[in-house]
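Take a look at the structure below.
What's counted below: heavy atoms across the whole structure, side chains too, no hydrogens, waters or symmetry copies.
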Amino acid sequence: MNKHFEDTKYYVKRAGETAKKGISEELEPLQERIQNLRDEEEEPEPGRVEKLREDIKELQGRAEGEAKEALGEARERLDKVRNREQPAE
């Protein structure tokens, strides 16, 4: 019975090695393609997070500008309302 286990262990080991070789052969073209794409990139594009940060800063600037405009308009309206409410001297 021990001989059967030794044989099984041997064949399982061989099957694992064969599978590893087969997977490596299948993935080799993909690895080469990825390496070629990496080599072609001279200057990488900004990362997704960096792009989002830039967009957020731009939106923040716009929002601040719009808020300042809205505050200015509100102040003007308040001044007009206050001037109308004051009795003429």
Side-chain angles (χ1 to χ4, degrees):
M1 185 66 109
N2 196 18
K3 179 69 174 156
H4 294 294
F5 288 119
E6 288 176 15
D7 289 348
T8 302
K9 182 180 172 184
Y10 169 79
Y11 287 114
V12 167
K13 182 180 175 184
R14 291 271 319 258
E17 291 170 353
T18 304
K20 182 180 175 183
K21 286 181 185 177
I23 291 171
S24 295
E25 287 176 14
E26 290 294 318
L27 292 179
E28 188 175 335
L30 183 60
Q31 287 175 332
E32 289 175 4
R33 185 173 168 198
I34 290 171
Q35 187 62 40
N36 288 339
L37 289 173
R38 281 179 151 179
D39 292 341
E40 288 176 8
E41 290 182 15
E42 293 176 11
E43 188 175 314
E45 294 180 25
R48 190 174 183 189
V49 173
E50 291 173 18
K51 177 91 171 98
L52 288 173
R53 283 186 182 149
E54 290 173 10
D55 291 346
I56 289 171
K57 282 183 182 179
E58 182 181 333
L59 289 173
Q60 182 182 5
R62 280 194 224 158
E64 286 175 359
E66 290 175 8
K68 286 179 182 177
E69 264 185 52
L71 282 172
E73 290 173 7
R75 286 185 181 127
E76 287 176 13
R77 288 183 193 161
L78 273 174
D79 288 341
K80 287 179 183 178
V81 169
R82 286 181 183 159
N83 288 337
R84 276 191 254 157
E85 289 177 358
Q86 291 178 354
E89 294 179 12

Name each donor-acceptor pair under 3.5 Å that joins a side chain in residues 21-30 to protein atoms two or more places apart or in another chain, with its distance.
from  : atom 1 : to    : atom 2 : distance (Å)
Ser24 : OG     : Lys20 : O      : 3.0

First locate atom CG of Asn83, then atom NZ of Lys80, and finally report the distance between them rounded to the nearest 0.5 Å.
10.0 Å
Let me confirm one number: the CD-NZ distance from Glu64 to Lys68, rounded to the nearest 0.5 Å.
6.0 Å
Under the salt bridge (charged side-chain N to carboxylate O under 4.0 Å, His left out) rule, what do Arg62 and Glu58 come out as? Steps first, then yes or no, please.
CA-CA 6 Å; Arg62 280 194 224 158; Glu58 182 181 333; 2.4 Å; yes
Interatomic distance, Glu6 atom CD to Asn2 atom CG [nearest 0.5 angstrom]
5.0 Å
Looking at CZ of Arg75 and CG of Asp79, how far apart are the two atoms once the value is rounded to the nearest 0.5 Å?
9.5 Å
Rounded to the nearest 0.5 angstrom, the OG1-NZ distance for Thr8 and Lys3 is 10.5 Å
Could you go through the side chain to side chain contact (heavy atoms under 4.5 Å, CB included) check for Lys9 and Lys13 one step at a time?
CA-CA 6 Å; Lys9 182 180 172 184; Lys13 182 180 175 184; 5.7 Å; no
